[in-house]
Amino acid sequence: MTPATPDRAAGLAQTARALADGTVSSRKLVEESLARIAASQPTLNAFRRVRTDAALEEADAADRRLAAGERLPLLGVPVAVKDDMDVAGEPTAFGCRGDFPPKSADAEAVRRLRAAGAVIVGKANTCELGQWPFTEGPAFGDTRNPWNTAYTPGGSSGGSAAAVAAGLVPAALGSDGAGSVRIPASWTHLVGIKPQRGRISTWPDPEAFQGITVNGPLARTVEDAALLLDCASGSHPGDLHRPPAVRLGEAVGRDPGRLRIALSLRMPFTGTPKHLDPVVRAAVLRLAARLAALGHEVEEADPHYGQIGLSFVPRATTGVADWVTRVPDPSLLDPRTKEAARLGRTLRGAPLRLARRAEVSLHRRVGEIFRRYDVVLAPTTATPPPRIGTFAELSGWRTDRTMIAACPYAWPWNVLGWPGVSVPAGFTPGGLPVGAQLLGPANCEPLLVSLAAQLEADQRWYERWPAPDELVTPTV
(Lines give C-alpha, C1' and ligand atoms only; values in the text may rest on other atoms or scores of the structure.)
Protein backbone atom coordinates (compact mmCIF):
# COMPACT_ATOMS: atom_id res chain seq x y z
CA MET A 1 0.00 0.00 0.00
CA THR A 2 1.13 3.56 -0.63
CA PRO A 3 0.52 6.55 1.60
CA ALA A 4 -2.19 8.95 0.52
CA THR A 5 -1.02 11.87 -1.60
CA PRO A 6 -2.00 15.28 -0.19
CA ASP A 7 -4.40 16.21 -2.98
CA ARG A 8 -6.60 13.15 -2.56
CA ALA A 9 -6.26 12.52 1.18
CA ALA A 10 -8.75 15.13 2.37
CA GLY A 11 -12.19 13.75 3.08
CA LEU A 12 -15.54 15.44 2.70
CA ALA A 13 -15.71 17.04 6.14
CA GLN A 14 -12.05 18.09 6.06
CA THR A 15 -12.49 19.64 2.61
CA ALA A 16 -15.60 21.51 3.71
CA ARG A 17 -13.73 22.91 6.72
CA ALA A 18 -10.79 24.00 4.57
CA LEU A 19 -13.13 25.85 2.22
CA ALA A 20 -14.91 27.56 5.11
CA ASP A 21 -11.55 28.56 6.62
CA GLY A 22 -10.40 30.02 3.32
CA THR A 23 -7.29 27.82 3.10
CA VAL A 24 -8.29 26.49 -0.32
CA SER A 25 -10.61 27.57 -3.12
CA SER A 26 -13.41 25.60 -4.66
CA ARG A 27 -11.93 26.33 -8.09
CA LYS A 28 -8.67 24.65 -7.11
CA LEU A 29 -10.42 21.62 -5.59
CA VAL A 30 -12.71 21.13 -8.57
CA GLU A 31 -9.83 21.54 -11.03
CA GLU A 32 -7.84 18.89 -9.14
CA SER A 33 -10.83 16.56 -9.02
CA LEU A 34 -11.46 16.95 -12.75
CA ALA A 35 -7.77 16.37 -13.51
CA ARG A 36 -7.76 13.16 -11.48
CA ILE A 37 -10.94 12.00 -13.19
CA ALA A 38 -9.44 12.66 -16.63
CA ALA A 39 -6.19 10.89 -15.76
CA SER A 40 -7.94 7.84 -14.31
CA GLN A 41 -10.75 7.50 -16.82
CA PRO A 42 -8.83 5.34 -19.33
CA THR A 43 -7.99 2.91 -16.52
CA LEU A 44 -10.72 3.05 -13.88
CA ASN A 45 -13.56 4.35 -16.06
CA ALA A 46 -15.55 5.54 -13.05
CA PHE A 47 -17.67 8.19 -14.79
CA ARG A 48 -20.40 8.16 -17.43
CA ARG A 49 -20.67 11.97 -17.57
CA VAL A 50 -18.13 14.57 -16.47
CA ARG A 51 -19.46 18.11 -16.04
CA THR A 52 -16.17 19.95 -16.67
CA ASP A 53 -17.41 23.39 -17.73
CA ALA A 54 -20.51 23.41 -15.52
CA ALA A 55 -18.56 22.25 -12.46
CA LEU A 56 -15.92 24.96 -12.91
CA GLU A 57 -18.62 27.61 -13.24
CA GLU A 58 -20.29 26.31 -10.08
CA ALA A 59 -16.93 26.32 -8.28
CA ASP A 60 -16.34 29.97 -9.21
CA ALA A 61 -19.82 30.84 -7.95
CA ALA A 62 -19.10 28.96 -4.70
CA ASP A 63 -15.88 30.92 -4.22
CA ARG A 64 -17.78 34.18 -4.60
CA ARG A 65 -20.31 33.05 -2.01
CA LEU A 66 -17.56 31.98 0.38
CA ALA A 67 -15.81 35.31 -0.05
CA ALA A 68 -19.07 37.07 0.78
CA GLY A 69 -19.22 35.18 4.08
CA GLU A 70 -21.82 32.57 3.19
CA ARG A 71 -21.40 29.19 4.90
CA LEU A 72 -23.13 25.94 4.01
CA PRO A 73 -22.22 22.36 4.95
CA LEU A 74 -20.74 21.51 1.51
CA LEU A 75 -20.25 24.91 -0.09
CA GLY A 76 -17.73 24.45 -2.91
CA VAL A 77 -17.01 20.75 -2.24
CA PRO A 78 -16.80 18.49 -5.34
CA VAL A 79 -18.93 15.34 -5.17
CA ALA A 80 -20.31 12.78 -7.63
CA VAL A 81 -23.69 11.11 -8.00
CA LYS A 82 -24.66 7.82 -9.60
CA ASP A 83 -26.10 7.86 -13.10
CA ASP A 84 -29.57 6.86 -11.92
CA MET A 85 -30.11 10.34 -10.42
CA ASP A 86 -31.27 13.27 -12.51
CA VAL A 87 -28.90 16.22 -12.86
CA ALA A 88 -30.33 19.18 -14.76
CA GLY A 89 -28.81 19.42 -18.23
CA GLU A 90 -27.52 15.83 -18.21
CA PRO A 91 -29.11 12.59 -19.44
CA THR A 92 -29.93 9.79 -17.01
CA ALA A 93 -29.07 6.61 -18.90
CA PHE A 94 -28.83 4.33 -15.83
CA GLY A 95 -26.24 2.12 -17.50
CA CYS A 96 -28.19 1.71 -20.74
CA ARG A 97 -27.28 2.34 -24.36
CA GLY A 98 -29.31 4.83 -26.36
CA ASP A 99 -29.87 8.53 -26.87
CA PHE A 100 -31.32 9.75 -23.58
CA PRO A 101 -32.50 13.37 -23.48
CA PRO A 102 -31.04 15.79 -20.91
CA LYS A 103 -33.10 16.30 -17.78
CA SER A 104 -34.73 19.64 -17.11
CA ALA A 105 -34.50 19.44 -13.30
CA ASP A 106 -32.42 17.86 -10.56
CA ALA A 107 -33.62 14.85 -8.63
CA GLU A 108 -34.61 15.81 -5.08
CA ALA A 109 -31.44 14.26 -3.60
CA VAL A 110 -29.28 16.21 -6.05
CA ARG A 111 -31.25 19.38 -5.35
CA ARG A 112 -30.55 18.98 -1.66
CA LEU A 113 -26.83 18.44 -2.26
CA ARG A 114 -26.76 21.64 -4.29
CA ALA A 115 -28.71 23.43 -1.55
CA ALA A 116 -25.91 22.38 0.82
CA GLY A 117 -23.42 23.97 -1.60
CA ALA A 118 -21.97 20.88 -3.29
CA VAL A 119 -20.47 21.03 -6.79
CA ILE A 120 -21.57 18.00 -8.85
CA VAL A 121 -18.51 17.13 -10.94
CA GLY A 122 -20.08 14.18 -12.74
CA LYS A 123 -22.32 11.15 -12.92
CA ALA A 124 -20.70 7.85 -11.99
CA ASN A 125 -21.09 4.60 -13.91
CA THR A 126 -23.61 1.93 -13.00
CA CYS A 127 -24.57 -1.36 -14.60
CA GLU A 128 -27.74 -1.59 -16.68
CA LEU A 129 -30.69 -0.54 -14.49
CA GLY A 130 -28.63 -1.31 -11.39
CA GLN A 131 -29.33 -5.03 -11.49
CA TRP A 132 -25.95 -6.63 -10.81
CA PRO A 133 -22.97 -6.49 -8.39
CA PHE A 134 -20.59 -5.43 -11.15
CA THR A 135 -20.29 -2.26 -13.23
CA GLU A 136 -19.69 -3.38 -16.78
CA GLY A 137 -21.65 -3.01 -20.01
CA PRO A 138 -21.54 -2.06 -23.69
CA ALA A 139 -22.91 1.42 -22.95
CA PHE A 140 -19.77 2.57 -21.13
CA GLY A 141 -17.25 -0.28 -20.81
CA ASP A 142 -15.80 -1.77 -17.65
CA THR A 143 -15.40 0.15 -14.41
CA ARG A 144 -12.44 -1.22 -12.48
CA ASN A 145 -11.39 -1.54 -8.87
CA PRO A 146 -8.65 0.90 -7.79
CA TRP A 147 -7.18 -1.77 -5.51
CA ASN A 148 -6.59 -4.08 -8.47
CA THR A 149 -7.88 -3.14 -11.92
CA ALA A 150 -8.31 -6.79 -12.93
CA TYR A 151 -11.28 -6.92 -10.52
CA THR A 152 -14.68 -5.25 -10.31
CA PRO A 153 -15.37 -2.54 -7.71
CA GLY A 154 -18.81 -4.09 -7.38
CA GLY A 155 -22.16 -2.72 -8.34
CA SER A 156 -24.38 -1.31 -9.07
CA SER A 157 -22.86 1.84 -7.54
CA GLY A 158 -19.44 0.74 -8.78
CA GLY A 159 -18.55 4.03 -10.42
CA SER A 160 -19.33 5.98 -7.26
CA ALA A 161 -17.25 3.56 -5.17
CA ALA A 162 -14.29 3.56 -7.59
CA ALA A 163 -14.31 7.36 -7.68
CA VAL A 164 -14.18 7.68 -3.89
CA ALA A 165 -11.73 4.80 -3.32
CA ALA A 166 -9.31 6.30 -5.86
CA GLY A 167 -9.61 9.79 -4.39
CA LEU A 168 -11.25 11.35 -7.45
CA VAL A 169 -13.92 12.87 -5.19
CA PRO A 170 -14.14 12.87 -1.39
CA ALA A 171 -17.60 11.23 -1.38
CA ALA A 172 -20.39 10.19 -3.72
CA LEU A 173 -24.04 9.22 -3.70
CA GLY A 174 -25.06 5.77 -4.86
CA SER A 175 -28.24 3.74 -4.62
CA ASP A 176 -28.92 0.40 -2.97
CA GLY A 177 -31.61 -1.99 -4.21
CA ALA A 178 -30.02 -5.29 -3.22
CA GLY A 179 -26.77 -4.12 -1.66
CA SER A 180 -25.69 -1.75 -4.42
CA VAL A 181 -24.09 0.73 -2.00
CA ARG A 182 -22.89 -1.79 0.57
CA ILE A 183 -21.40 -4.31 -1.89
CA PRO A 184 -19.09 -1.84 -3.69
CA ALA A 185 -18.23 -0.26 -0.34
CA SER A 186 -17.12 -3.69 0.85
CA TRP A 187 -15.05 -4.38 -2.26
CA THR A 188 -13.33 -0.96 -2.36
CA HIS A 189 -12.56 -0.41 1.36
CA LEU A 190 -15.20 2.25 1.97
CA VAL A 191 -18.03 3.08 4.33
CA GLY A 192 -21.39 2.67 2.62
CA ILE A 193 -24.70 3.51 4.26
CA LYS A 194 -28.02 2.07 3.15
CA PRO A 195 -30.40 4.36 5.05
CA GLN A 196 -33.98 3.80 6.10
CA ARG A 197 -36.37 3.72 3.15
CA GLY A 198 -37.33 7.30 2.35
CA ARG A 199 -34.48 8.87 4.31
CA ILE A 200 -33.09 10.29 1.06
CA SER A 201 -35.80 11.08 -1.45
CA THR A 202 -35.96 9.13 -4.72
CA TRP A 203 -38.09 11.83 -6.36
CA PRO A 204 -39.04 12.22 -9.24
CA ASP A 205 -40.02 8.63 -8.38
CA PRO A 206 -42.34 8.43 -5.34
CA GLU A 207 -40.39 5.26 -4.52
CA ALA A 208 -37.77 3.32 -6.48
CA PHE A 209 -38.15 -0.29 -7.63
CA GLN A 210 -41.31 -0.90 -5.63
CA GLY A 211 -39.67 0.46 -2.49
CA ILE A 212 -36.60 -1.78 -2.34
CA THR A 213 -34.11 0.82 -3.66
CA VAL A 214 -32.83 3.74 -1.59
CA ASN A 215 -30.12 6.33 -2.12
CA GLY A 216 -27.07 6.31 0.14
CA PRO A 217 -23.53 7.67 0.55
CA LEU A 218 -20.11 6.16 -0.11
CA ALA A 219 -17.13 7.69 1.67
CA ARG A 220 -13.79 6.85 3.26
CA THR A 221 -14.88 7.69 6.80
CA VAL A 222 -18.03 7.42 8.87
CA GLU A 223 -18.00 11.17 9.44
CA ASP A 224 -17.94 11.84 5.70
CA ALA A 225 -20.69 9.33 4.95
CA ALA A 226 -22.85 10.81 7.72
CA LEU A 227 -22.26 14.35 6.46
CA LEU A 228 -23.24 13.49 2.88
CA LEU A 229 -26.30 11.60 4.11
CA ASP A 230 -27.40 14.50 6.30
CA CYS A 231 -27.06 16.92 3.38
CA ALA A 232 -28.97 14.69 0.95
CA SER A 233 -31.68 13.64 3.41
CA GLY A 234 -35.23 14.87 3.36
CA SER A 235 -38.58 14.24 1.71
CA HIS A 236 -40.33 15.59 -1.34
CA PRO A 237 -44.10 16.15 -1.02
CA GLY A 238 -44.65 13.36 -3.52
CA ASP A 239 -42.61 10.72 -1.67
CA LEU A 240 -44.44 7.62 -0.45
CA HIS A 241 -42.07 7.05 2.49
CA ARG A 242 -41.21 9.76 5.03
CA PRO A 243 -39.31 8.49 8.06
CA PRO A 244 -38.75 10.78 11.06
CA ALA A 245 -35.75 13.05 10.65
CA VAL A 246 -32.36 12.13 12.13
CA ARG A 247 -29.03 13.98 12.22
CA LEU A 248 -26.22 11.51 11.78
CA GLY A 249 -23.42 14.01 12.17
CA GLU A 250 -24.35 14.26 15.85
CA ALA A 251 -24.02 10.47 16.23
CA VAL A 252 -20.46 10.22 14.91
CA GLY A 253 -18.73 11.16 18.15
CA ARG A 254 -21.35 9.68 20.45
CA ASP A 255 -20.50 6.66 22.59
CA PRO A 256 -22.85 3.89 21.48
CA GLY A 257 -22.78 2.36 24.95
CA ARG A 258 -22.42 -1.35 25.59
CA LEU A 259 -24.39 -3.10 22.89
CA ARG A 260 -25.64 -6.63 22.38
CA ILE A 261 -24.43 -7.68 18.93
CA ALA A 262 -25.59 -10.77 17.04
CA LEU A 263 -22.90 -12.24 14.82
CA SER A 264 -24.83 -13.76 11.92
CA LEU A 265 -23.10 -15.82 9.25
CA ARG A 266 -26.14 -17.76 8.04
CA MET A 267 -27.38 -16.87 4.57
CA PRO A 268 -31.06 -16.38 3.73
CA PHE A 269 -32.61 -19.24 1.77
CA THR A 270 -32.42 -18.83 -2.01
CA GLY A 271 -32.46 -22.41 -3.30
CA THR A 272 -29.13 -21.84 -5.04
CA PRO A 273 -25.62 -23.01 -4.05
CA LYS A 274 -23.49 -20.60 -2.05
CA HIS A 275 -20.91 -20.63 0.73
CA LEU A 276 -18.98 -18.12 2.79
CA ASP A 277 -15.40 -17.69 1.62
CA PRO A 278 -12.99 -18.55 4.47
CA VAL A 279 -11.09 -15.29 3.99
CA VAL A 280 -14.28 -13.24 4.35
CA ARG A 281 -15.37 -15.33 7.33
CA ALA A 282 -12.05 -14.76 9.08
CA ALA A 283 -12.23 -11.01 8.43
CA VAL A 284 -15.73 -10.74 9.90
CA LEU A 285 -14.74 -12.82 12.92
CA ARG A 286 -11.77 -10.50 13.51
CA LEU A 287 -14.13 -7.54 13.45
CA ALA A 288 -16.45 -9.31 15.89
CA ALA A 289 -13.48 -9.87 18.20
CA ARG A 290 -12.61 -6.18 18.06
CA LEU A 291 -16.19 -5.25 18.94
CA ALA A 292 -16.00 -7.57 21.92
CA ALA A 293 -12.69 -5.98 22.93
CA LEU A 294 -14.39 -2.58 22.79
CA GLY A 295 -16.81 -3.80 25.45
CA HIS A 296 -19.77 -5.08 23.48
CA GLU A 297 -21.49 -8.40 24.08
CA VAL A 298 -21.07 -10.42 20.88
CA GLU A 299 -22.58 -13.85 20.31
CA GLU A 300 -23.68 -15.91 17.34
CA ALA A 301 -27.35 -15.58 16.42
CA ASP A 302 -29.27 -15.36 13.15
CA PRO A 303 -32.40 -13.52 12.06
CA HIS A 304 -35.29 -15.73 10.96
CA TYR A 305 -35.54 -14.74 7.30
CA GLY A 306 -37.96 -17.44 6.21
CA GLN A 307 -38.95 -17.22 2.53
CA ILE A 308 -38.05 -13.55 2.22
CA GLY A 309 -36.85 -14.07 -1.35
CA LEU A 310 -40.45 -14.55 -2.47
CA SER A 311 -41.04 -10.91 -1.53
CA PHE A 312 -37.90 -9.63 -3.24
CA VAL A 313 -38.22 -11.05 -6.76
CA PRO A 314 -41.62 -9.55 -7.73
CA ARG A 315 -40.59 -6.11 -6.49
CA ALA A 316 -37.17 -6.16 -8.15
CA THR A 317 -38.33 -7.44 -11.54
CA THR A 318 -41.37 -5.18 -11.63
CA GLY A 319 -39.00 -2.29 -10.97
CA VAL A 320 -36.91 -3.35 -13.96
CA ALA A 321 -40.05 -3.58 -16.11
CA ASP A 322 -41.07 -0.08 -15.04
CA TRP A 323 -37.68 1.38 -15.95
CA VAL A 324 -37.54 -0.37 -19.33
CA THR A 325 -40.51 1.76 -20.44
CA ARG A 326 -38.27 4.85 -20.14
CA VAL A 327 -35.50 3.52 -22.37
CA PRO A 328 -35.50 5.17 -25.83
CA ASP A 329 -34.55 1.96 -27.65
CA PRO A 330 -35.31 -1.21 -25.65
CA SER A 331 -33.81 -3.35 -28.42
CA LEU A 332 -30.37 -2.21 -27.20
CA LEU A 333 -30.89 -3.67 -23.73
CA ASP A 334 -28.96 -6.65 -22.40
CA PRO A 335 -30.89 -9.91 -22.98
CA ARG A 336 -30.82 -10.45 -19.21
CA THR A 337 -32.58 -7.14 -18.71
CA LYS A 338 -35.27 -8.06 -21.23
CA GLU A 339 -35.73 -11.38 -19.45
CA ALA A 340 -36.09 -9.67 -16.04
CA ALA A 341 -38.57 -7.18 -17.48
CA ARG A 342 -40.70 -9.99 -18.93
CA LEU A 343 -40.77 -11.68 -15.54
CA GLY A 344 -41.67 -8.38 -13.89
CA ARG A 345 -44.61 -7.86 -16.21
CA THR A 346 -45.79 -11.38 -15.33
CA LEU A 347 -45.50 -10.78 -11.59
CA ARG A 348 -46.98 -7.28 -11.56
CA GLY A 349 -50.46 -8.31 -10.42
CA ALA A 350 -51.28 -10.59 -7.51
CA PRO A 351 -47.67 -11.75 -6.86
CA LEU A 352 -46.53 -8.14 -6.44
CA ARG A 353 -49.43 -7.30 -4.16
CA LEU A 354 -48.71 -10.34 -2.01
CA ALA A 355 -45.00 -9.49 -1.91
CA ARG A 356 -45.71 -6.00 -0.66
CA ARG A 357 -48.26 -7.13 1.92
CA ALA A 358 -45.77 -9.68 3.25
CA GLU A 359 -43.48 -6.90 4.45
CA VAL A 360 -45.47 -6.42 7.67
CA SER A 361 -45.08 -10.06 8.70
CA LEU A 362 -41.41 -10.02 7.63
CA HIS A 363 -40.83 -7.06 9.92
CA ARG A 364 -42.22 -9.11 12.80
CA ARG A 365 -40.31 -12.27 11.89
CA VAL A 366 -36.91 -10.72 11.22
CA GLY A 367 -37.41 -8.07 13.88
CA GLU A 368 -37.65 -10.73 16.58
CA ILE A 369 -33.86 -10.72 16.81
CA PHE A 370 -33.91 -7.12 18.02
CA ARG A 371 -35.78 -8.17 21.13
CA ARG A 372 -32.49 -9.73 22.29
CA TYR A 373 -29.88 -7.77 20.34
CA ASP A 374 -29.27 -4.15 19.37
CA VAL A 375 -27.32 -4.76 16.15
CA VAL A 376 -26.66 -7.62 13.74
CA LEU A 377 -23.10 -8.02 12.40
CA ALA A 378 -22.93 -9.97 9.13
CA PRO A 379 -20.65 -10.25 6.12
CA THR A 380 -21.47 -7.72 3.43
CA THR A 381 -20.63 -10.26 0.72
CA ALA A 382 -19.79 -13.96 0.76
CA THR A 383 -16.73 -13.58 -1.48
CA PRO A 384 -14.02 -11.07 -2.35
CA PRO A 385 -14.56 -9.07 -5.55
CA PRO A 386 -14.76 -11.13 -8.77
CA ARG A 387 -12.58 -10.52 -11.78
CA ILE A 388 -13.73 -8.19 -14.53
CA GLY A 389 -15.71 -10.19 -17.08
CA THR A 390 -16.85 -12.91 -14.68
CA PHE A 391 -20.51 -12.26 -15.53
CA ALA A 392 -20.10 -11.03 -19.11
CA GLU A 393 -21.12 -14.10 -21.09
CA LEU A 394 -23.49 -15.71 -18.60
CA SER A 395 -27.16 -16.36 -19.24
CA GLY A 396 -29.73 -14.69 -17.04
CA TRP A 397 -30.14 -17.75 -14.80
CA ARG A 398 -26.38 -18.30 -14.47
CA THR A 399 -25.88 -14.60 -13.75
CA ASP A 400 -28.44 -14.82 -10.94
CA ARG A 401 -26.85 -17.94 -9.46
CA THR A 402 -23.34 -16.47 -9.60
CA MET A 403 -24.53 -13.13 -8.22
CA ILE A 404 -26.40 -14.75 -5.32
CA ALA A 405 -23.37 -16.90 -4.50
CA ALA A 406 -21.19 -13.79 -4.23
CA CYS A 407 -23.73 -11.49 -2.57
CA PRO A 408 -26.35 -13.35 -0.51
CA TYR A 409 -26.28 -11.17 2.61
CA ALA A 410 -27.36 -7.66 1.63
CA TRP A 411 -30.71 -7.85 -0.18
CA PRO A 412 -33.04 -8.87 2.71
CA TRP A 413 -32.60 -5.46 4.30
CA ASN A 414 -33.89 -3.88 1.07
CA VAL A 415 -37.12 -5.86 1.40
CA LEU A 416 -37.42 -4.70 5.01
CA GLY A 417 -36.50 -1.09 4.22
CA TRP A 418 -34.25 -0.89 7.29
CA PRO A 419 -30.79 0.69 7.65
CA GLY A 420 -27.41 -0.99 7.23
CA VAL A 421 -23.82 0.24 7.21
CA SER A 422 -21.00 -1.59 5.45
CA VAL A 423 -17.55 -1.00 6.93
CA PRO A 424 -14.12 -2.24 5.89
CA ALA A 425 -13.23 -5.59 7.47
CA GLY A 426 -9.78 -6.23 6.00
CA PHE A 427 -8.07 -7.59 2.91
CA THR A 428 -7.49 -10.89 1.16
CA PRO A 429 -3.88 -12.15 0.96
CA GLY A 430 -3.85 -10.66 -2.54
CA GLY A 431 -4.81 -7.19 -1.28
CA LEU A 432 -8.49 -7.09 -2.22
CA PRO A 433 -10.85 -5.44 0.29
CA VAL A 434 -13.73 -7.19 2.04
CA GLY A 435 -16.35 -5.76 4.36
CA ALA A 436 -18.90 -6.41 7.08
CA GLN A 437 -22.28 -4.82 7.63
CA LEU A 438 -23.93 -3.50 10.76
CA LEU A 439 -27.70 -3.99 10.50
CA GLY A 440 -30.53 -2.73 12.62
CA PRO A 441 -34.30 -2.16 12.82
CA ALA A 442 -36.25 0.80 11.46
CA ASN A 443 -34.75 4.29 11.81
CA CYS A 444 -31.69 3.13 13.73
CA GLU A 445 -29.08 4.96 11.63
CA PRO A 446 -27.77 7.02 14.59
CA LEU A 447 -26.96 3.87 16.56
CA LEU A 448 -25.30 2.17 13.58
CA VAL A 449 -23.27 5.28 12.78
CA SER A 450 -22.06 5.74 16.35
CA LEU A 451 -21.01 2.09 16.47
CA ALA A 452 -19.30 2.29 13.08
CA ALA A 453 -17.43 5.43 14.17
CA GLN A 454 -16.24 3.70 17.35
CA LEU A 455 -15.00 0.79 15.26
CA GLU A 456 -13.33 3.16 12.81
CA ALA A 457 -11.43 4.89 15.63
CA ASP A 458 -10.11 1.47 16.61
CA GLN A 459 -9.36 0.17 13.11
CA ARG A 460 -8.29 3.42 11.34
CA TRP A 461 -9.16 1.90 7.96
CA TYR A 462 -9.07 5.31 6.25
CA GLU A 463 -5.27 5.31 6.46
CA ARG A 464 -4.93 2.64 3.74
CA TRP A 465 -5.14 3.65 0.10
CA PRO A 466 -4.97 1.70 -3.15
CA ALA A 467 -1.86 1.72 -5.33
CA PRO A 468 -0.41 2.64 -7.76
CA ASP A 469 -0.88 6.39 -7.54
CA GLU A 470 -0.41 6.68 -11.28
CA LEU A 471 -4.02 5.53 -11.74
CA VAL A 472 -5.40 8.64 -10.09
CA THR A 473 -2.68 11.30 -10.10
CA PRO A 474 -2.35 13.36 -13.27
CA THR A 475 1.10 14.06 -14.71
CA VAL A 476 2.00 17.71 -14.15
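In this text the structure is predicted, and so the values were computed from the model without any measurement.
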Any donor-acceptor pair under 3.5 Å linking the side chain of Arg242 with the backbone of Pro237?
-> yes
Closest non-hydrogen atom pair, Thr188 against Pro184 = OG1-O, 2.6 Å
Decide yes or no on side chain to side chain contact (heavy atoms under 4.5 Å, CB included) for Ile308 and Trp411, but give the supporting numbers first.
-> CA-CA 10 Å; Ile308 193 170; Trp411 59 268; 3.4 Å; yes
Would Thr126 and Asp84 count as a side chain to side chain donor-acceptor pair (under 3.5 Å) if you check the C-alpha gap in whole Å, the side-chain angles of each, and the deciding distance to 0.1 Å?
-> CA-CA 8 Å; Thr126 173; Asp84 63 344; over 6 Å; no
So do Leu173 and Ile200 actually touch side chain to side chain, heavy atoms under 4.5 Å?
-> yes
Supply the atom-to-atom distance Leu44 CG to Leu168 CG, rounded to the nearest 0.5 angstrom.
-> 6.5 Å
May I have the step-by-step check of side chain to side chain donor-acceptor pair (under 3.5 Å) for Ser201 and Asp239, ending in yes or no?
-> CA-CA 7 Å; Ser201 174; Asp239 288 343; 2.9 Å; yes
Is NZ or CZ of Arg336 both nearer than 6.0 Å to the six-membered ring centre of Trp132 and within 45° of the ring axis?
-> yes
Is Asn215 reaching over with its side chain to a backbone N or O of Ser175, donor-acceptor style, under 3.5 angstrom?
-> no
Thr202 side chain to Gly198 main-chain N or O, any donor-acceptor pair under 3.5 Å?
-> no
Could you please spell out the steps behind the salt bridge (Lys or Arg N to Asp or Glu O under 4.0 Å) verdict for Arg315 and Glu207?
-> CA-CA 12 Å; Arg315 297 172 75 167; Glu207 63 176 4; 5.5 Å; no
Can you check whether Phe94 reaches Arg326 side chain to side chain, under 4.5 Å on heavy atoms?
-> no
Got a sec: does the CG of Asp99 have more than 12 other heavy atoms crowding it under 6.0 Å?
-> no
Distance-only, no hydrogens or angles: does the Trp413 side chain make a donor-acceptor pair with backbone N or O of Gly179 under 3.5 Å?
-> no
List the atom of Val119, the atom of Ser26, and the distance in Å for their closest heavy-atom pair.
-> CG2-OG, 4.1 Å
Rounded to the nearest 0.5 Å, how far apart are CD1 of Ile193 and CD of Gln437?
-> 13.0 Å
Step by step, work out the salt bridge (Lys or Arg N to Asp or Glu O under 4.0 Å) result for Arg182 and Asp176.
-> CA-CA 7 Å; Arg182 290 164 289 158; Asp176 190 313; 2.9 Å; yes
Can you find a pair of side-chain heavy atoms, one from Leu74 and one from Leu19, that are under 4.5 Å apart?
-> no
Hey, is the main chain of Ser235 close enough, under 3.5 Å, to the side chain of Arg112 for a donor-acceptor pair?
-> yes
Return yes if some donor-acceptor pair links the side-chain N/O of Arg197 with the main-chain N/O of Val415 below 3.5 Å, else return no.
-> yes
Does Thr15 use its side chain to pair, donor to acceptor, with the backbone of Gly11 at less than 3.5 Å?
-> yes
Is a side-chain donor or acceptor of Asn414 paired with a backbone partner of Ile212 at a separation under 3.5 angstrom?
-> yes
Would you find a donor on one side and an acceptor on the other, under 3.5 Å apart, between the side chain of Ser233 and the backbone of Leu229?
-> yes
To the nearest 0.5 Å, tell me how far Asp334 CG sits from Arg97 CZ.
-> 8.5 Å
Are the side chain of Arg345 and the backbone N or O of Ala321 linked by a donor-acceptor pair below 3.5 Å?
-> no
In this structure, CG of Leu29 is separated from CG of Asp63 (nearest 0.5 Å) by 8.5 Å
Gap separating the CZ atom of Arg353 from the CZ atom of Arg348, nearest 0.5 angstrom = 11.5 Å
Test item: Val246 and Asn443 side chains (from C-beta on) under 4.5 Å apart, heavy atoms | no
Any side-chain heavy atom of His236 within less than 4.5 Å of one from Arg111?
-> no
Does a donor on one side chain sit under 3.5 Å from an acceptor on the other, for Lys82 and Ser157?
-> yes
Take Thr152 and Thr390 through the test side chain to side chain contact (heavy atoms under 4.5 Å, CB included) and record every step on the way to the result.
-> CA-CA 9 Å; Thr152 181; Thr390 296; over 6 Å; no
With side chain to side chain contact (heavy atoms under 4.5 Å, CB included) as the test, would you mind laying out the steps for Leu227 and Val252 before giving the verdict?
-> CA-CA 10 Å; Leu227 173 59; Val252 171; over 6 Å; no
Of the non-hydrogen atoms in Thr143 and Gly158, which two are nearest, and what is the gap between them?
-> CG2-O, 4.0 Å
Side chain to side chain, Arg464 and Trp147, heavy atoms closer than 4.5 Å | yes
Test log, rule salt bridge (Lys or Arg N to Asp or Glu O under 4.0 Å), inputs Lys123 and Glu90 | CA-CA 9 Å; Lys123 302 187 76 180; Glu90 302 289 342; over 6 Å; no
Does Ser311 reach the side chain of Glu359, with side-chain heavy atoms less than 4.5 Å apart?
-> no
Does Arg220 make a cation-pi contact with Trp465 (under 6.0 Å, within 45 degrees of the axis)?
-> yes
Taking the side chain as C-beta and beyond, is there a heavy-atom pair between Val222 and Trp461 under 4.5 Å?
-> yes
Judged by modelled atom types alone, do Glu128 and Thr337 share a side-chain donor-acceptor pair under 3.5 Å?
-> yes
Assess whether side chain to side chain contact (heavy atoms under 4.5 Å, CB included) is satisfied between Ile120 and Val79, documenting all intermediate values.
-> CA-CA 5 Å; Ile120 311 298; Val79 300; 3.7 Å; yes
For residues Asp142 and Gly137, report the shortest heavy-atom separation together with the two atoms involved.
-> OD1-N, 4.3 Å
Distance (rounded to the nearest 0.5 Å) between Leu218 CG and Ser422 OG = 9.0 Å
What one should report as the nearest heavy-atom pair of Ala219 and Ala225 is CB-N, 3.5 Å
Which pair of heavy atoms, one from Ala139 and one from Gly95, lies closest together, and at what distance?
-> CB-O, 3.5 Å
